[in-house]
*Asks:* 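A single structure is presented below for examination.
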Amino acid sequence: MPKKSKKQKKQNEVNFTGGDMYVQGEISGLMRLKDKFFNKDTAFTIEERQLLGIHGLLPPVVRTIEDQVELCFMQFLDIDEDLMRYCYLIRLAARNERLFYKLLATHGDKCLPYVYTPTVALATLHAPYVFQFPVVLFITIEDKGHVYNVLKNWPQPDVRAICVTDGGRILGFGDMGLHGYPIPKGKATLYTALAGVRPHYCLPICLDVGCNNSEVREDPLYMGLKRKRPARAEYDEFVDEFMEAVVSRYGPNCLVHFEDIGNTDAFRLLTKYRFKYTMFNDDIQGAGVVALAAIASAANISNTKLEDHRVLFQGAGEAALGIANILFIALKTEGLDDNEARSRIWLRDSKGLVAYNRPQGHLSEYKLAFARKRAAIEKLEDCVREFKPTILIGVSAQHGSFSREVLELMALYNKRPIIFAMSNPPSKAECTAEAAFTHTRGKCLFASGSPSPPLVYAGETYHITQVNSLYGFPGIVMGAIACCISHLTPGVFIVASHTISSLCTDDDYHQCRLLPPLNKLTLCAFEIACNVVEYAYKNNLARRKPDPIDIRAFVKHQMYDLNYEAAIKTWLQEYEK
Ligand SMILES: NC(=O)C1=CN([C@@H]2O[C@H](COP(=O)(O)OP(=O)(O)OC[C@H]3O[C@@H](n4cnc5c(N)ncnc54)[C@H](OP(=O)(O)O)[C@@H]3O)[C@@H](O)[C@H]2O)C=CC1
Ligand SMILES: CC(=O)C(=O)O
Ligand SMILES: [Mg+2]
């Protein structure tokens, strides 16, 4: 909230004349209603309306926030088009932020898919239509040399968590350039909606470095720079400047979450920054957290140990390698040595099995770590025949690539084949829940990356688990900023993954749910935040001193308060300063 000058304070002085309250000043009542942090709409009491000079600007009805939520929910449900529902929620957030988050807290099961996966995918495809307010900060490569000045234009001075994309690999769509901007907005919204990070601490950013997808770039409605992405050196200089500007503006404790960055840049940036800044990459590390938790549940349901499993990945990019790496650590923790742990993991990319001696030549150092010392295998079916995986994970954005034959083979080799089609949005998923159940004759333990309705197969109803990083990153961000973590080590992600697994109940397993139900997402986020804080203090990663005595109270105290009174209190405190 911007500080008031003495002159402004004087002008806004609140006068009490007997019972009559009014406000003098040049800030009109309407402006007060337009302040999303402060606005309560019809929940302003008559006294508050008089005090603030907004009496008469609202109908005389005074509603509770609960009534407002139900009204908004009715309006939301009345909208037929998914994209229009998305726009409705964006507009509500821009008008009355607390009401928006209260709506998400009350009707998260219905509303979250419209601020996040899958509707956010539609928003990226229709970015020019949905852009209405400055909800994201755009920094272009033409701002190189004065990135700090652009950051300063963001109105909130106390930013603690940034979600940044460069649009390089938006979901399974590939390079969307600036039109990827709804992604960091959606992720930052979940920081607050699920983990209670105060919204003014959150800053979604889109770095516009150009776009290599000519279809997107040449669209007359394209809103970004009409140029191709720069060479690596120029890109790196720009991102380096961005990271330095973040530290200059918001301090070293400001966390930077990289999201949907193209594969060729994402690993390099993570390697370069992970111990220099407080940062992580959700597509690599966050995907690992949630997939490992779901694998642990699947092992539990099938009465097996992690080391009993062989995992074949369709895709060898960010998500695949992120999952493979955390799985490798988990297998080693179970007592396997490096070779044994690696032998449980096979990756298949666009050229076939990731193997040393395949004819296509060069493998990145990240793939090399898991490359097999054997002859190349091209087809997925042949990889399945050869390796006989117990777990098949799709992170390739190749729709339908878990063909009938692949799924039937999985069922042939396994009593309970474990199949995750994690690619987003559903149009890019490797298979549908229906295909997985049909072609494995109901034997599979299945999960998808986007939400899926319950499936009826052979007269039984199955809940479909959503293996999506939304189970992990909100709590990780909350925990990290609560204790001012210096950097996020692999241990942080293991702790987050174990926390998710620990929240699965026998009842969940009985229903073949591999993760807690979606109505426990806020619980997951809170427990992860507390466990990350505990881990950080134990491992000397927390910069915030002294150590808290009661970690749960420490985290709770820092969470966003959904009651309007909190807004008034904050506003009055600022006003008094
Ligand atoms: N559910 C979740 O939580 C998450 C889901 N995802 C989803 O996963 C998907 C992939 O994301 P990400 O890993 O970041 O993307 P990347 O671009 O980093 O990786 C994609 C991988 O798919 C491979 N690929 C492409 N075509 C084929 C093919 N025909 N057969 C086998 N492999 C193929 C690519 O091969 P090559 O290396 O040869 O180019 C590459 O290794 C996206 O749809 C994304 O939305 C991502 C993160 C989290
Ligand atoms: C979930 C996610 O981050 C993705 O699909 O890219
Ligand atoms: Mg992503």
Side-chain angles (χ1 to χ4, degrees), residues 116-118 120-121 124 163-176 180 182-184 186-187 190 257-268 270 280-294 312-326 346-354 358 360-364 366-368 370-371 377-381 383 392-403 406 420-430 447-452 465-474 497 500 514-515:
Y116 187 63
T117 312
V120 75
T124 61
C163 181
V164 63
T165 191
D166 69 354
R169 191 284 287 146
I170 293 299
L171 305 170
F173 299 139
D175 189 352
M176 297 286 291
I183 296 293
K187 296 262 174 181
L190 295 200
H257 156 177
F258 280 77
E259 187 64 46
D260 288 9
I261 304 282
N263 179 311
T264 45
D265 299 312
F267 290 105
R268 188 177 72 260
L270 181 61
F280 73 105
N281 181 305
D282 184 52
D283 299 295
I284 302 175
Q285 294 157 302
V289 165
V290 68
L292 180 63
L312 173 61
F313 289 89
Q314 163 80 333
E318 295 173 54
L321 288 165
I323 302 167
N325 275 307
I326 198 168
W346 280 29
L347 298 156
R348 182 179 178 276
D349 64 13
S350 62
K351 300 181 186 73
L353 179 70
V354 172
R358 69 182 191 186
Q360 291 89 352
H362 179 74
L363 286 174
S364 73
Y366 308 101
K367 286 184 187 174
L368 261 182
F370 293 99
I377 307 178
E378 200 192 318
K379 288 187 174 163
L380 179 60
E381 305 81 280
C383 290
L392 180 63
I393 298 185
V395 271
S396 61
Q398 299 301 305
H399 181 67
S401 56
F402 290 174
S403 62
V406 165
F420 299 168
M422 286 180 65
S423 292
N424 291 317
S427 62
K428 299 287 175 184
E430 287 74 12
S448 55
S450 296
S452 225
T465 302
Q466 187 186 355
V467 181
N468 188 296
S469 63
L470 92 164
Y471 275 91
F473 72 80
S497 187
I500 300 170
L514 306 180
L515 295 171

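Atoms within a ligand are numbered from 1 in the order they appear, just like the ligands themselves. Side-chain atoms are counted along with the backbone in the values below, which use heavy atoms only and exclude waters and symmetry mates. Owing to the predicted nature of the structure, the values given are computational and were not obtained by experimental measurement.
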*Asks:* Do G317 and ligand 1 have an N or O pair less than 3.5 Å apart?
*Replies:*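 Yes - when backbone and side-chain N and O of G317 are compared with those of ligand 1, one distance drops under 3.5 Å.
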*Asks:* Report yes if some N/O of N424 lies less than 3.5 Å from some N/O of ligand 1; otherwise report no.
*Replies:*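 Yes, N424 has an N/O under 3.5 Å of an N/O on ligand 1.
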*Asks:* Looking only at heavy atoms, what is the nearest atom pair of K187 and C163, with distance?
*Replies:*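 K187 and C163 have their closest heavy atoms at CB-SG, 3.8 Å.
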*Asks:* Just which atoms of ligand 1 are under 4.0 Å from any heavy atom in S423?
*Replies:*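 Result: 7 (C), 8 (O), 9 (C), 43 (O).
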*Asks:* Just by modelled atom types, is the S350 backbone N or O under 3.5 Å from a matching donor or acceptor in the R348 side chain?
*Replies:*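 No, R348 side chain to S350 backbone: no donor-acceptor pair under 3.5 Å.
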*Asks:* Which ligand 2 atoms, with their elements, are less than 4.0 angstrom from a heavy-atom of N424?
*Replies:*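 Within the 4.0 Å cut-off of N424, ligand 2 contributes 1 (C), 4 (C), 5 (O).
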*Asks:* Record the part of R348 in heavy-atom contact with ligand 1 below 4.0 Å; permitted values are side chain, backbone, both and neither.
*Replies:*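 R348 to ligand 1: contacts from backbone and side chain alike.
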*Asks:* Pull out every atom of ligand 1 sitting under 4.0 Å from any heavy atom of N263, numbered as shown with elements.
*Replies:*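 Ligand 1 atoms under the 4.0 Å threshold to N263: 16 (P), 17 (O), 18 (O), 19 (O).
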*Asks:* Indicate the atoms forming the closest heavy-atom contact of T465 with L514, along with that distance.
*Replies:*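 Heavy atoms of T465 and L514 come nearest at OG1-N, 3.0 Å.
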*Asks:* Which residue supplies the protein heavy atom nearest to atom 25 (C) of ligand 1, what is that atom called, and how far is it?
*Replies:*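 Answer for atom 25 (C) of ligand 1: Q398 NE2, 3.7 Å.
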*Asks:* Side chain, backbone, both or neither: which part of M422 comes within less than 4.0 Å of ligand 1 when only heavy atoms are counted?
*Replies:*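 Both backbone and side chain of M422 come within 4.0 Å of ligand 1.
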*Asks:* Does S396 reach the main-chain N or O of G315 with its side chain, forming a donor-acceptor pair under 3.5 Å?
*Replies:*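 Between the backbone of G315 and the side chain of S396 there is no qualifying donor-acceptor contact (under 3.5 Å).
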*Asks:* Which atoms from ligand 2 have a heavy atom of D283 less than 4.0 Å away?
*Replies:*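 The list of qualifying atoms is 2 (C), 3 (O), 4 (C), 6 (O).
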*Asks:* Strictly by modelled atom types, are T117 and N424 linked by a side-chain donor-acceptor pair under 3.5 Å?
*Replies:*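 Side-chain D/A pair, T117 to N424: absent.
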*Asks:* Using a strict threshold of under 4.0 Å (side-chain N to carboxylate O), is an ion pair present between D349 and R358?
*Replies:*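 Yes, this pair counts.
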*Asks:* Would you find a donor on one side and an acceptor on the other, under 3.5 Å apart, between the side chain of D283 and the backbone of A319?
*Replies:*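 A pair under 3.5 Å: no.
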*Asks:* Do any N/O atoms on S350 end up under 3.5 angstrom from N/O atoms on ligand 1?
*Replies:*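 Yes, since at least one N or O of S350 sits under 3.5 Å from an N or O of ligand 1.
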*Asks:* Where is the nearest protein heavy atom to atom 1 (N) of ligand 1: which residue, which atom, and how far?
*Replies:*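 Scanning the protein heavy atoms, the shortest distance from atom 1 (N) of ligand 1 goes to V467 O, 2.9 Å.
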*Asks:* Taking only heavy atoms of R169, which atoms of ligand 2 are found under 4.0 Å from at least one of them?
*Replies:*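 Taking each heavy atom of R169 in turn, ligand 2 has 6 (O) under 4.0 Å.
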*Asks:* What are the atoms of ligand 2, with element, lying closer than 4.0 Å to any heavy atom of L171?
*Replies:*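 By the 4.0 Å cutoff, the relevant atoms are 4 (C), 5 (O), 6 (O).
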*Asks:* Is the shortest N/O to N/O distance between A287 and ligand 1 below 3.5 Å?
*Replies:*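 Such a contact does not occur with ligand 1.
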*Asks:* Could you check which of S448, G174, G315, G352 puts a non-hydrogen atom nearest to atom 23 (C) of ligand 1?
*Replies:*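 Shortest heavy-atom distance from atom 23 (C) of ligand 1: G315.
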*Asks:* Which is it for E318 and ligand 1 at heavy atoms under 4.0 Å: side chain, backbone, both or neither?
*Replies:*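 The answer is both, backbone and side chain.
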*Asks:* Please identify which atoms of ligand 1 are closer than 4.0 Å to at least one heavy atom of Q314.
*Replies:*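 Result: 30 (N), 31 (C).
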*Asks:* Under a heavy-atom criterion of less than 4.0 Å, does M422 contact ligand 2?
*Replies:*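 The answer is no, since M422 has no heavy atom less than 4.0 Å from ligand 2.
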*Asks:* Just to check, does Y116 reach to within less than 4.0 Å of ligand 2 when the distance is taken from its heavy atoms?
*Replies:*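 Yes, Y116 has a heavy atom closer than 4.0 Å to ligand 2.
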*Asks:* What atoms of ligand 1 come within less than 4.0 Å of a heavy atom belonging to K367?
*Replies:*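 Under 4.0 Å from K367, ligand 1 has these atoms: 36 (P), 37 (O), 38 (O).
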*Asks:* Can you list the atoms of ligand 2 that are under 4.0 Å from a heavy atom of K187?
*Replies:*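 Counting atoms of ligand 2 from 1, those under 4.0 Å from K187 are 1 (C), 2 (C), 3 (O).
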*Asks:* Is it the case that the side chain of S450 and the backbone of P425 share a donor-acceptor pair, with hydrogens and angles ignored and the cut-off at 3.5 Å?
*Replies:*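 Side chain of S450 to backbone of P425, a donor-acceptor pair under 3.5 Å: no, none is there.
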*Asks:* Of all the atoms in ligand 2, which lie at a distance below 4.0 Å from a heavy atom belonging to D260?
*Replies:*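 Contacts of ligand 2 toward D260, numbered from 1: 6 (O).
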*Asks:* For E430 and S423, does a side-chain donor sit closer than 3.5 Å to a side-chain acceptor?
*Replies:*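 Note: E430 and S423 side chains meet the donor-acceptor criterion.
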*Asks:* Is the side chain of S469 donor-acceptor paired with the backbone N or O of G472 at a distance under 3.5 Å, no angle test?
*Replies:*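 Not a single qualifying donor-acceptor pair exists.
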*Asks:* When you look for heavy atoms under 4.0 Å from ligand 2, do you find them on the side chain of N468, its backbone, both, or neither?
*Replies:*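 Just the side chain.
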*Asks:* Do the ring planes of Y366 and F267 sit parallel (below 30°), tilted (30 to 60°) or perpendicular (above 60°)?
*Replies:*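 Y366 vs F267 ring planes: parallel.
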*Asks:* Would you say that F420 contacts L392 through its side chain, given a criterion of any heavy-atom pair below 4.5 Å between the two side chains?
*Replies:*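 In short, these two side chains do not touch, never coming nearer than 4.5 Å.
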*Asks:* For atom 20 (C) of ligand 1, find the nearest protein heavy atom and state the residue, atom name and distance (0.1 Å precision).
*Replies:*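 In this structure, atom 20 (C) of ligand 1 has V395 O, 3.9 Å as its nearest protein heavy atom.
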*Asks:* Is ligand 1 under 4.0 Å from a heavy atom in the side chain of L470, in the backbone, in both, or in neither?
*Replies:*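 The answer is neither; L470 stays 4.0 Å or more away.
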*Asks:* Distance under 4.0 Å to a non-hydrogen atom of A319: what atoms of ligand 1 satisfy this?
*Replies:*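 Here the atoms of ligand 1 in question are 12 (P), 13 (O), 14 (O), 46 (C), 47 (C).
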*Asks:* Are L321 and L347 side-chain neighbours, meaning at least one heavy-atom pair lies under 4.5 Å?
*Replies:*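 Yes; the side chains approach each other to less than 4.5 Å.
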*Asks:* Which residue supplies the protein heavy atom nearest to atom 14 (O) of ligand 1, what is that atom called, and how far is it?
*Replies:*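 That would be R169 NH2, 2.7 Å.
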*Asks:* If you draw a sphere of radius 2.8 Å around the Mg ion (ligand 3), how many protein N/O/S atoms end up strictly inside it?
*Replies:*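 Total protein N/O/S atoms under 2.8 Å from the Mg ion (ligand 3): 3.
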*Asks:* Within the side chain of N468, is there an N or O that forms a donor-acceptor pair under 3.5 Å with the backbone of G449?
*Replies:*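 Checked: pair present.
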*Asks:* Where is the nearest protein heavy atom to atom 22 (O) of ligand 1: which residue, which atom, and how far?
*Replies:*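 That would be S396 CA, 3.4 Å.
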*Asks:* With heavy-atom distances below 4.0 Å as the criterion, list the atoms of ligand 1 near A397.
*Replies:*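 Answer for ligand 1: 43 (O).
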*Asks:* Under 3.5 Å between any N/O of A316 and any N/O of ligand 1: does that happen in this structure?
*Replies:*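 By distance alone, the answer is yes.
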*Asks:* Say whether, by atom type as modelled, one donor and one acceptor occur between the side chain of Q314 and the main chain of F402 under 3.5 angstrom.
*Replies:*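 Here the side-chain-to-backbone pair does not exist.
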